[in-house]
Amino acid sequence: MLDKNYNPQDWEEKIYKHWEENGCFRPSMDKTKDPFCIVIPPANVTGVLHMGHALDYTLQDILIRYNRMRGKNVLWQVGTDHAGIATQMVVERNLAKQGISRHDLGREKFIETVWKWREESGGTICRQLRRLGASCDWSRERFTMDEGLSRAVRKIFVNMYKDGLIYKAKKLVNWDAKFMTAVSDLEVIQKEAMGKMYYYRYPIEGEKGNFVQIATTRPETMFGDTAVAISKDNEKLKHLIGKNCIIPIIDRVIPIIADDHADPEKGTGAVKITPAHDFNDFEVGKRHNLPLINVLNPDATLNENTPFAGMTTAQAREATIAKMDELGLMDKIEDHPMVIPYGDRSGVVIEPMMTDQWFVDAPKLAVEAIKKVEDGEVEFLPKTYEKTYFEWMRNIQPWCISRQLWWGHQMPIWYGPDEHIFCEENEEEAKAAAKDFYGHEVELRRETDVLDTWFSSGLWAFSTLGWPDKTEFLDTFYPTSVLVTGFDIIFFWVARMMMMSLYAMKKIPFNTVYLHGLVRDEHGHKMSKSKGNTVNPIEMIDTYGSDALRFFMAAMETQGRDINMSEARVAGYRNFATKLWNAARFGEMNEIDFAAELDEKEVSGQINRWIIAKAKVMTKEVSRNLDNFRFSDAANAVYQFVWGDFCDWYIEMSKPVLYGEDGKAKAETKAVFAWVLRRIMIVLHPFMPFITTQIWNDLGLGKGELMLHEWCKDEAIDVSAQKSVDWVIEVVSQIRSLRSEMNLPVGAKLKAYLQGADVAKGYLADMSKIICALARLEFLQISEEEATKDMVKVVTSDGVVLLSLQGVIDFAAERERLAKELAALEKNLQAYEAKLNNPAFVERAPEKIVAEEKRRRQEALDKKQKIEDSLNKIKDL
RNA sequence: GGGUGUGUAGCUCAGGUGGUUAGAGCGUUACGUUGACAUCGUAGAGGUCACAAGUUCGAGUCUUGUCACACCCACCA
């Protein structure tokens, strides 16, 4: 028995528990079935579910459930990510509240703390995933730092190192001074800001009173300058090339060199070169063999190579310009718009810094990863993102994978006493290798750096399936079917997965990449905590039910475009669920046997045949759209069917039968009702798994099954009832419209006579009762009698309905209505005439289109005639 | 500087290969508790599809240009 009200809170969680406990999400591992696999984009293990997750996981669950129902062997591989920097940051922040730094604890103790914290808060996102109804296989849940995945990381690392794809190098890298680690290019975000351009002079060596003027945004780095560059095409300044100048304050002599990096049009045309703290200058330095002078400490304060050791860059900047001013070398300071790099996680300014780091030879790995997409082996949806991918991949730089953090995969690198590198999967093997190398046992020191989080994420498609072991799952499900993720991590994750998977597996990781957009707030602004415009999906679920939120996501998902959050719309889909709930209750109240089988061939009622056909068409449409990742089209097709076709029309049209005396018709309608409701539950289940299951079970539609697991096969569709029922809908709608426009009293029972309706005649016996009920007529009968004065015509596509309005008609209003209708018709008619009188159209347009146009014109002419008749008749009254 | 996307009803958005009178949800107006549902029903109002030119028998849809907005990449000493 269904409750009177739709209260999803009462049973959604129970249903999920039931599914999970009964292993409903495990793959069948039936070898005769096609495999279908999605690896979940691993969420931060200590994170909480946000709207982006809700969208991402809903889309995946829809695909997973749909394919599971279609009988495939389906695995949704679930797991979480250790999220190196993000997690370490949170734990450090927590420690800071107690006045403890990670260094107070030491590395081992700190990592222990992080693991403990993961234990405490790690379950949240997985619990929330369950609230959303995500049908992933929890028995196979993985974590990027678990034993198996760590082994995969070490193995890949060693292989890549030995293949020369990972190497150590001293390079200028993006340095995050807050976490005191290198970060990759992708973790740096450029922000525009108004800064200052400082103009000052360096004296020319040996030429008293002669200077070279420099423009810089970073005066404090001048202590790291090792040259001044001027373009050899700079007519005004090229005479200085070859001379030396003196860095004031520290009085160090540096050369003035010729380099095209110095654009004569920009600044003063002379550029200070600081190879250790600027990517461009680094290149200049390389070309001219300039020394590198590091002027910063790891925490971005100035070091002892400067007179301002210990100061922050901001303080040092002030101090530098003050000193320059004092020396009379400061010329001017101008406002200057500039772009400043910030760490995406730390929010502090990123400094280019010379350090020893580890790199993946991404340019080499990219070759194959580009080719697979070019060749169409991997397809991006929407297709336009392939361009983005190519653009980035073709310009890819070596990927800096080392992080000076503690939380993460410590690199499997050991150093001998002479710093010789041993890269092995574990310490024993490293020791053995070292013994071989040195001829005797030595003490090894392990590399302290850990790997970029995305390194392990990059292995996700195969490491979660068991690699490096040869497992049945790897064999069955790799390559995975589709990857569903946000476009914002194409570079971070998709591209890396492509490269790493192709390296490790020699096969693509997935056939299709479906990229969705961001979930924004209702006005299209990006959600952020600082703006306070975030919407919590769990609150949405608490208020409206998981199904409503899921359906919202599906219905809004079009071609990967951003989605604007709208609580009103979620509420609307809750209403949709309520509607469905009540439709099911309607069936229950009419004592329908939901377990009964239906022989479709035996169905004779027009309306019953109509709804069956409609349901089949809808099913086909949903299948087709899901096959093509057209989520909103799929969702809208079923929505429209349930609310429009089924609730608004079928149920209403069934009432006269269900409340009537004809036992045979009643039985048929009940059986068809059950059939349609079952069909709705099936097709809707991927979108709204909870309510469909609840109704399914309560009504006994599934004969005791735990979860809907059967989709509909290809089926023949009998559309022969379409025309007649469409006509009924047309007549009812028109009469209702007329009643409203003529302001007829609500209770006025009208008499109606049908004329010239050839199609309708055949089944009027079936339909008249229904039309009467829905249009609130006293009776409807066929009559060829001439219309009387107090009758009004309703012109339909198949004949005329005369309504007897004795005593209720307002002729003035009716005249007005007819005149309006006539005017509209006239306009259409003109358009048809114009078209058909155009020889170009008649000659060139396809025959079908021309015929259609002619038909429309005829229809309009007939209608016009009928309206004019009516108008003439009431003119005199 | 290079690239991508967007501009359709008051709001938020749909409109694969050009072809009926351009749709939905919310909001809004009028009416309505008719034996599933007021988390509802019925009917209505509301759009020169950003602008301009072009291709075409025919353009919301294709081409070019203009304007506005959003995002991505690179860079500005």
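The chains referred to below are lettered A, B, ... by the order of the sequence lines, with proteins before strands, and numbering in each begins at 1.
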Using a distance-only test with no angle check, is there a side-chain donor-acceptor pair under 3.5 angstrom linking [X] and [Y]?
{"X": "A:N564", "Y": "A:D521", "answer": "no"}
{"X": "A:D259", "Y": "A:H288", "answer": "yes"}
{"X": "A:E379", "Y": "A:Y514", "answer": "no"}
{"X": "A:T221", "Y": "A:K272", "answer": "yes"}
{"X": "A:Q213", "Y": "A:D331", "answer": "yes"}

Side chain A:R736 and base B:U42 donor-acceptor under 3.5 Å: no

Polar pair under 3.5 Å, donor/acceptor by atom type, side chain A:E652, base B:A36: yes

Nucleotide opposite [N] in a Watson-Crick or G-U pair, distances under 3.5 Å:
{"N": "B:U39", "result": "none"}
{"N": "B:U6", "result": "B:A68"}
{"N": "B:G60", "result": "none"}

Please determine whether a side-chain nitrogen or oxygen atom of [X] lies at a distance below 4.0 Å from atom OP1 or OP2 of [N].
{"X": "A:T558", "N": "B:A14", "result": "yes"}
{"X": "A:R856", "N": "B:U21", "result": "no"}
{"X": "A:K526", "N": "B:C71", "result": "no"}

Report the distance from atom [atom1] of [X] to atom [atom2] of [N], rounded to the nearest whole Å.
{"X": "A:Y832", "N": "B:U21", "atom1": "OH", "atom2": "C1'", "value": "7 Å"}
{"X": "A:N575", "N": "B:A36", "atom1": "CG", "atom2": "C1'", "value": "15 Å"}
{"X": "A:F646", "N": "B:G41", "atom1": "CZ", "atom2": "C1'", "value": "17 Å"}
{"X": "A:R739", "N": "B:C31", "atom1": "CZ", "atom2": "P", "value": "16 Å"}
{"X": "A:R569", "N": "B:U39", "atom1": "CZ", "atom2": "C1'", "value": "17 Å"}
{"X": "A:E567", "N": "B:C11", "atom1": "CD", "atom2": "P", "value": "20 Å"}
{"X": "A:K579", "N": "B:A36", "atom1": "NZ", "atom2": "C1'", "value": "8 Å"}
{"X": "A:N743", "N": "B:A30", "atom1": "CG", "atom2": "C1'", "value": "9 Å"}

Toward the 5' end of RNA chain B, by each residue's nearest nucleotide, A:I563 or A:E192: A:I563

Cation-pi, A:F211 ring and A:R201 (6.0 angstrom, 45 degrees): yes

B:A53 versus B:A9 - spacing of their C1' atoms, nearest Å: 27 Å

Span that lies between the C1' atom of B:U8 and that of B:A24, in whole angstrom: 13 Å

Aromatic stack A:W581/B:A36: centroid gap under 5.5 Å, interplanar angle under 30°: no

Nucleotide nearest A:D633 when distance is taken to its side chain, options B:A14, B:C72, B:C13: B:A14

